[in-house]
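Values in this document were obtained by computation on a predicted structure and should not be read as measured data. Within every chain, numbering begins at 1; the chains are lettered A, B, ... in the order of the sequence lines, protein sequences first and strands thereafter.
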2 protein chains.
Amino acid sequence: MSDVAALAGVSHQTVSRVLNEHPSVREDTRRRVLDAIATLGYRRNVAARALATARSATIGVVTTGSGLFGPASTLIAVEEAAREQGWYVSVATIRQYDGVTMHRVLDHFMDQAVEGIVVIAPQADVAEAVHEFRAPVPVVLIAAGETEAATIPLAVDQRLGARLATEYLLDLGHESVLHVSGPGDWLDAVEREAGWRSVHEERGITPPDPVGADWTADRGYQVGLGLADQIRTGEGPTAVFAANDHLALGMLRAFWERGVSVPRDVSVVGFDDVAGSGHFVPPLTTVRQPFDELGRRSVALLLEAVAGAQVGAELIAPMLVERASAGPPP
Amino acid sequence: MSDVAALAGVSHQTVSRVLNEHPSVREDTRRRVLDAIATLGYRRNVAARALATARSATIGVVTTGSGLFGPASTLIAVEEAAREQGWYVSVATIRQYDGVTMHRVLDHFMDQAVEGIVVIAPQADVAEAVHEFRAPVPVVLIAAGETEAATIPLAVDQRLGARLATEYLLDLGHESVLHVSGPGDWLDAVEREAGWRSVHEERGITPPDPVGADWTADRGYQVGLGLADQIRTGEGPTAVFAANDHLALGMLRAFWERGVSVPRDVSVVGFDDVAGSGHFVPPLTTVRQPFDELGRRSVALLLEAVAGAQVGAELIAPMLVERASAGPPP
DNA sequence: TGAGATGATGTGAGCGCACACATTCGACCA
DNA sequence: TGGTCGAATGTGTGCGCTCACATCATCTCA
């Protein structure tokens, strides 16, 4: 920096002013400094800047270690939004969501002196672990479910998404909808089930017991094989709401293998709108989550909080994507 | 740090020694310092450390901004491997792969003083842009295709993967294999086509002209519709090697809609083994890329290079995953 | 015409750490 | 018992920047 100052014939402080866009610098000296910077190929040292200002201009993002579409898309949106505002983004991934690992990852971020954290945290214990950690910086917790202090909750409205799917099926004329639910320790799964249930209750319908599952196409296939037999004997459901698209995919395959026609014999609706779901056999009606917006909003909220503002919980609305896998009952 | 030193009754330098695991510190003073650190909740300031050592302990990863399975999985593996070794990982994503954007992103990393960069760069111009940038730190370029100096190339052997798929189909008895290729500016696509072509040439077969496509299921569907008509009139291919699983998915749907049976009327092989491809209709035979290993190797190579070692190009072998979508010709 | 206000610039200090060097301590052997 | 050597510890300095403050030039209006 002093080299630049020397070349431009000013003091180091004036260089600093130019760099920080301080208003009171005359246009021609500004130009001179900028030229000197260019000819010297000078680049401000972040470490020194961070040391002097006690600010790192970095946010941390913890995300799932599974390459899933949703978390990955959210991460990308977060990064873009952050970089646009001049922030650096550090990531940490978690394969196994337990309190210890979560703690370690948050520690990793605190070591790095991040100024805020976004946690893409789909499981209940993760949310808890985050709360327990009591981070000294703002934390945006992307997680469905009930709010807690100490973090800023933000989520796609899973319950609404499930309601959209369920209402759509009931409005098509189905008497009730079977739910193939996600794992019970995932907040999204719990919320989706709650949304599905609430629609039935509002309409005075007793829904069939949900079938418990994980998030995999394998499990969907298994469940689908079982249902196919019931459907062929006429005692199965006429409409199924799967907790995610992968489950739905496995079920579609099972139905296809067993000669159960979708949507003629049974309607299927998924959740997520994963890449390619528009070309499943048949194309899958599903609920699309606006991950981009989720990422952008999380950065906006976080940066507001970092700047000292009080920010509250937010919910983002998903939307139903109508395709061919759902129709009126047989 | 001086607080810790005072509490432990030692000098700040001794604290520094404990932190850096210097050997000549007596066990009991080490203990005392550690206790003091714990009671004070002291955390070393990375900025000051970076300033003093001129090292940031950070690597940058630039990846695609599309939430695709491959890049996302690679990123995760990179991050895990790096964190394990005590490195921080900063990310930057690119939606649009042009030279300018690439330049901007690499600048972003240089501003941040990263010590090494991993570029997950599937397109030819990206690789070029990276070379042109002439980064002052080691760069691992995850990209198929020819090697260049200035970066450390690393890739999954796309050509081998394509050969695996093509040989598998020819060995099943097909006279030739039609290739539905990816976009020509993607290195992976070029390599896959080259692998497919080389097998035909070795066996003295003239392959049919490849059908150009992008990476999407939509395009696969279009292509599939066209092929279905040919196949039903007996003049279509008996085996198709799609450049990726999404293309294959779209084709499978088109075949299904047009009553073309897979694999009875036509065999289909994909590339990637995306989540759920085992439950496509029918389950898709495809080529699996070891993204985890790719990520781990890239970090290993990068850290070696950062440490000053000379490291060379590497190729990682993919594997064929046999499922139901390919069989003998009709 | 001069005092005050404002804008443009310079000066010095300190952020918290690691490095090079100086010093102290203790053990061991002649 | 003194000398030597190495282990253990302390002292001072500088990394490159921003901040608070001081200074100087310029303009405005009474």
Side-chain angles (χ1 to χ4, degrees), chain A residues 1-37 40-58 86-88 109-115 136-137 306-307, chain B residues 1-37 40-58 86-88 109-115 136-137 306-307:
Chain A
M1 182 145 133
S2 56
D3 294 350
V4 173
L7 181 58
V10 297
S11 75
H12 64 106
Q13 175 59 350
T14 299
V15 176
S16 173
R17 285 201 184 89
V18 171
L19 254 21
N20 293 304
E21 293 172 359
H22 189 96
S24 32
V25 174
R26 239 186 318 158
E27 185 50 32
D28 64 322
T29 72
R30 208 179 78 86
R31 177 110 278 126
R32 270 210 322 280
V33 170
L34 255 25
D35 284 351
I37 287 175
L40 261 44
Y42 167 78
R43 218 179 267 277
R44 171 161 60 184
N45 180 316
V46 261
R49 183 182 162 84
L51 183 58
T53 58
R55 304 210 26 210
S56 63
T58 302
W87 289 74
Y88 301 107
F109 280 152
M110 294 331 302
D111 280 342
Q112 209 185 349
V114 301
E115 294 185 53
V137 298
V306 167
Chain B
M1 182 145 134
S2 56
D3 293 351
V4 172
L7 181 57
V10 296
S11 75
H12 66 104
Q13 176 59 352
T14 300
V15 176
S16 174
R17 285 201 184 89
V18 171
L19 253 21
N20 292 305
E21 292 172 0
H22 189 96
S24 33
V25 174
R26 240 186 317 158
E27 184 51 33
D28 64 322
T29 71
R30 209 179 76 86
R31 178 107 279 125
R32 269 209 324 280
V33 170
L34 255 25
D35 285 352
I37 288 175
L40 260 45
Y42 167 77
R43 221 179 266 276
R44 171 161 59 184
N45 180 315
V46 263
R49 183 183 164 82
L51 182 58
T53 58
R55 305 209 26 211
S56 64
T58 302
W87 289 74
Y88 301 107
F109 279 152
M110 294 331 301
D111 279 341
Q112 209 185 352
V114 300
E115 294 185 52
V137 298
V306 168

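Rounded to whole Å, atom C1' of D/dC15 lies 17 Å from atom CZ of A/R44. When rounded to the nearest whole Å, the span between CZ of B/R55 and C1' of C/dC19 equals 15 Å. One can place CG of B/D28 at 14 Å from C1' of C/dC25, the figure rounded to the nearest angstrom. In this structure, the CD atom of A/Q13 is 8 Å from the C1' atom of D/dC19, given to the nearest Å. One atom, CZ of A/R32, and another, P of C/dA8, lie 14 Å apart when rounded to the nearest Å. In this structure, A/D3 places its CG atom 10 Å from P of D/dC17, rounding to the nearest Å. Rounded to whole Å, the distance from CZ on A/R26 to C1' on D/dA25 is 9 Å. A straight line from CG of A/L19 to P of D/dG16 spans 15 Å, rounded to a whole angstrom.
Residue A/T14 places at least one side-chain N or O closer than 4.0 Å to OP1 or OP2 of C/dG10. Contact annotation: A/N45 side-chain N/O to D/dC15 OP1/OP2 distance is not under 4.0 Å.
Base engagement by A/S24 is indicated by at least one non-hydrogen atom pair under 4.0 Å involving a base atom. Contacts of A/M1 with the nucleic acid, taken as non-hydrogen atoms under 4.0 Å apart, include base atoms. At the heavy-atom level, A/S2 lies nowhere under 4.0 Å from the strands shown.
Atom-to-atom distance recorded for A/L7:CG and A/R32:CZ is 10.0 Å, nearest 0.5 angstrom. Separating the CD atom in B/Q13 from the CZ atom in B/R17 is a distance of 4.0 Å, to the nearest 0.5 Å.
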- Yes or no on side-chain contact (heavy atoms from CB on, under 4.5 Å) for B/W87 and B/V306, after CA distance, side-chain angles and deciding distance? CA-CA 12 Å; B/W87 289 74; B/V306 168; 3.8 Å; yes
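Judged by atom type and distance alone, B/R17 reaches the base of D/dT9 through a side-chain donor-acceptor pair under 3.5 Å. No donor-acceptor contact under 3.5 Å links the side chain of B/R43 to the base of C/dG16.
Where B/A52 and B/R30 each meet DNA chain D at their nearest nucleotide, the meeting point lying more 5' is that of B/R30. Map A/P23 and B/S16 each onto its nearest nucleotide of DNA chain C; the residue landing nearer the 5' end is A/P23.
Closest approach to the B/H12 side chain among D/dG16, D/dT18, D/dT11 is made by D/dT11 (side chain taken as heavy atoms from C-beta onward). Looking at the side chain of A/S11, the nearest of the listed nucleotides C/dC17, C/dG10, D/dG10 is C/dG10. Here the nucleotide nearest the side chain of A/T29, chosen from C/dG10, D/dC15, C/dT9, is C/dT9.
Counting heavy atoms from C-beta outward, A/V46 and A/Y88 have side chains that approach closer than 4.5 Å.
Under 4.0 Å is where a charged nitrogen must lie from a carboxylate oxygen, and between A/D111 and B/R44 no such pair does.
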